Amino acid sequence: MATTVFKSLTDTTFDSVQGYRQAGEKADNPQLKQALHQRCSQRENTLRQMNAELERQGDDLVTKGTMAGEAHQMWQSITSAFENGDEAASKRVEEGEDYIKGKFQEALESNQLEAQERAVVEQAYNEICEGERFGDLISKQYD
């Protein structure tokens with residue numbers, strides 16, 4: 001069975017994929033939509049790697065979002081109704097990327113991951129950092 005920390009990171013990664021999908025739907029600019037779609041695909045790959053580790057450990061795969069993720073997305077959809085589509089999409093991504101990067105960093109600094117989980121998280125962290133830089137970039141561009 002996977003550690004609680006690894007399972008939580010996988011849940012958050014799933015929520016992140018959903019966040020990218022919703023941001024892509026919200027964006028108006030075709031280039032931003034394309035960039036969000038590409039980042040979503042990369043995050044889906046990260047989720048597949050993490051689910052593969054869950055499967056290796058005999059755990060259930062993460063195939064649905066968390067209650068916290070759903071509540072956050074609902075709140076974002078309410079508040080973004082009053083914003084420009086591109087601005088709302090970029091804000092959603094930037095906030096989400098800051099959150100997930102912090103969560104992965106914290107997990108890597110802890111001693112709560114098994115060796116194989118740590119290897120998967122370290123690999124995923126590279127993609128997470130790319131996503132965080134992307135979030136910063138589009139936030140500046142569309143703010």
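This one's a predicted model, so the numbers in the text were calculated from it and none came from an experiment.
- Under 4.0 Å is where a charged nitrogen must lie from a carboxylate oxygen, and between E97 and R43 at least one such pair does.
- Taking CD of E114 as the reference point, atom CE of M1 lies at 11.0 Å (rounded to 0.5 Å).
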Would you please test Q57 and E53 for side chain to side chain donor-acceptor pair (under 3.5 Å) and show each step? CA-CA 6 Å; Q57 293 188 36; E53 176 59 19; 2.6 Å; yes
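- Taking all atoms of both residues into account, the shortest heavy-atom contact from I100 to S16 is CD1-CB, 3.9 Å.
- Between the side chain of S8 and the backbone N or O of T4, no donor-acceptor pair lies under 3.5 Å.
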Please test I138 against L36 for side chain to side chain contact (heavy atoms under 4.5 Å, CB included), starting from the C-alpha separation and ending with a verdict. CA-CA 10 Å; I138 64 169; L36 291 168; 4.2 Å; yes
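- With rounding to the nearest 0.5 angstrom, the CD atom of Q18 is 12.0 Å from the OG1 atom of T13.
- Look at E127 and R39 and you find a salt bridge, because one of the NZ, NE, NH1 or NH2 atoms lies within 4.0 Å of a carboxylate O, short of that distance.
- Taking all atoms of both residues into account, the shortest heavy-atom contact from M50 to A124 is SD-CB, 4.4 Å.
- Ring pair F104/Y125 is parallel by interplanar angle, where below 30° counts as parallel and above 60° as perpendicular.
- The hydrophobic clustering, which links ILVMFWY residues whose side-chain heavy atoms are closer than 4.5 Å, places F6 and Y99 apart.
- Rounded to the nearest 0.5 angstrom, N51 CG and T46 OG1 are separated by 11.5 Å.
- What you find for D60 and K7 is that their closest heavy atoms are O-NZ, 3.1 Å.
- In the displayed structure, E106 atom CD is contacted under 6.0 Å by at most 12 heavy atoms of other residues, nucleotides or ligands.
- A donor-acceptor contact shorter than 3.5 Å is absent between the side chain of K26 and the backbone of G85.
- Atoms NZ and CG, on K103 and D98 in that order, are 14.5 Å from each other to the nearest 0.5 Å.
- The heavy-atom pair separating C40 from Y20 by the smallest distance is CB-CB, 3.7 Å.
- The distance from the CD atom of E44 to the CG atom of L47 is 8.0 Å, given to the nearest 0.5 Å.
- Under the 4.0 Å criterion applied to side-chain N and carboxylate O atoms, E94 and K140 are not assigned as salt-bridge partners.
- By the 4.5 Å heavy-atom criterion applied to side chains, L9 and F14 are not counted as neighbours.
- Considering only heavy atoms from C-beta on, L61 stays 4.5 Å or farther from T10 through its side chain.
- Taking 4.0 Å as the cut-off between side-chain N and carboxylate O, R21 and E25 do not count as a salt-bridged pair.
- A distance-only check finds no donor-acceptor pair linking the side chain of D86 to the backbone of Y142 [under 3.5 Å].
- The two residues C129 and K101 have their closest heavy-atom pair at SG-CE, 3.9 Å.
- Atoms NZ and OG, on K91 and S139 in that order, are 8.0 Å from each other to the nearest 0.5 Å.
- We find that E117 and R56 are not joined by a salt bridge, their nearest charged nitrogen and carboxylate oxygen being 4.0 Å or further apart.
- Here the closest non-hydrogen pair linking L32 and A27 is CD2-CB, 3.8 Å.
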